[in-house]
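Right, one structure below, let's go through it.
Whatever order the structure lists ligands and atoms in, that order sets their numbers, starting from 1.
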Amino acid sequence: MDCIFCKIVAGEIPSDTVYQDEEIIAFRDINPQAPVHIVIIPRKHIPSLDQLKESDSALVGRLVTLANRLAKEEGIADKGYRVVINCGKEGGQLVPHLHLHLVGGRRLSDQVG
Ligand code: 5GP
Ligand code: ZN
């Protein structure tokens, strides 16, 4: 499959991995928007939030819980941070494999989008 994040999952493209288990991988964004910018993905190819199934709920819970844990590990939990899921063209999603952005380490915009 021609999906860049599936290639990262398969180890075909290197990444600066900060966490991995049997379901999830988290790595530093190649083009960071803030001092901390981590991408959290399921190993399983889910194209977008729009494609989510009821049966994926536990997995999504784990993705969000990992964002909480990594924010603590990265030292940004106390000051605050943002977790973003872009969905679809107008939502700014460029890579069609569900992912969360964990962004922090500077004062972020008050605007959501
Ligand atoms: P999106 O706009 O789809 O929500 O975000 C995709 C993110 O993936 C972008 O922030 C982009 O910098 C990041 N990205 C794209 N390709 C790669 C890659 O090969 N390696 C890493 N580490 N990040 C990538
Ligand atoms: Zn994929």
Side-chain angles (χ1 to χ4, degrees):
M1 191 185 295
D2 194 24
C3 168
I4 201 152
F5 286 174
C6 281
K7 287 180 179 164
I8 287 177
V9 169
E12 291 166 15
I13 294 177
S15 69
D16 185 356
T17 306
V18 295
Y19 176 88
Q20 57 181 317
D21 65 26
E22 65 286 349
E23 284 188 315
I24 300 175
I25 300 184
F27 49 87
R28 294 194 193 280
D29 197 289
I30 205 167
N31 181 26
Q33 305 296 307
V36 175
H37 187 170
I38 293 172
V39 178
I40 302 172
I41 70 170
R43 286 183 186 269
K44 174 180 153 186
H45 182 85
I46 300 170
S48 80
L49 191 65
D50 191 52
Q51 310 289 311
L52 211 61
K53 299 188 173 70
E54 279 288 330
S55 56
D56 294 320
S57 297
L59 176 59
V60 173
R62 292 201 63 228
L63 296 170
V64 174
T65 302
L66 180 60
N68 164 301
R69 171 177 159 180
L70 292 176
K72 290 186 175 70
E73 288 181 10
E74 295 288 321
I76 58 173
D78 288 346
K79 282 193 169 176
Y81 56 90
R82 187 166 293 163
V83 175
V84 173
I85 301 177
N86 295 326
C87 179
K89 203 170 181 180
E90 290 207 351
Q93 183 181 7
L94 297 175
V95 178
H97 181 130
L98 178 67
H99 53 281
L100 280 65
H101 296 260
L102 169 63
V103 183
R106 67 167 170 80
R107 180 70 170 92
L108 299 170
S109 156
D110 290 332
Q111 306 286 333
V112 172

So that I can tick it off, tell me whether D21 and R62 are bridged by a salt bridge, with the cut-off set at under 4.0 angstrom between side-chain N and carboxylate O.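 Salt bridge present between R62 and D21.
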D78/K72 ion pair, N-O < 4.0 Å: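 No salt bridge links D78 with K72.
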Check ligand 1 against [X] and write out every atom of the ligand that is under 4.0 Å from a heavy-atom position of the residue.
X   : value
I8  : 20 (N)
Q93 : 3 (O)
L94 : 1 (P), 2 (O), 3 (O)
N31 : 12 (O)

Examine the proximity of ligand 1 to N86 and report which part, side chain or backbone, both or neither, has a heavy atom under 4.0 Å away.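 Just the side chain.
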Counting only heavy atoms closer than 4.0 Å, does ligand 1 sit against the backbone of I4, its side chain, both, or neither?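 It is the side chain that gets close, since no backbone atom is under 4.0 Å.
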Vertex the Zn ion (ligand 2), arms to C6 SG and H45 ND1, rounded to 10°: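 Vertex at the Zn ion (ligand 2): approximately 110°.
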Angle class for the H99/F5 ring planes (parallel below 30°, perpendicular above 60°, tilted otherwise)?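 H99 and F5: perpendicular rings.
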Counting heavy atoms only, which of G92, G91, P32 comes nearest to atom 2 (O) of ligand 1?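 Ranked by closest heavy atom to atom 2 (O) of ligand 1, first place is G92.
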For H97, what is the atom name of its N, O or S atom nearest to the Zn ion (ligand 2)?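 The Zn ion (ligand 2) is closest to the H97 atom ND1, counting only N, O or S.
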Is the shortest heavy-atom distance from the side chain of I8 to the side chain of T17 under 4.5 Å?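 Contact flag for I8/T17 side chains = no.
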At their closest point, which heavy atom of P96 faces which heavy atom of H45, and how far apart are they?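 Answer, listing the atom of P96 first, then H45: O-CE1, 3.0 Å.
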In this structure, does ligand 1 have an atom that sits under 4.0 Å from one of the heavy atoms of Q33?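 Q33 does not count as a contact of ligand 1 under the 4.0 Å cut-off.
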Assess H101 for proximity to ligand 1: is some non-hydrogen atom of it under 4.0 Å away?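 Per 4.0 Å heavy-atom rule, H101 contacts ligand 1.
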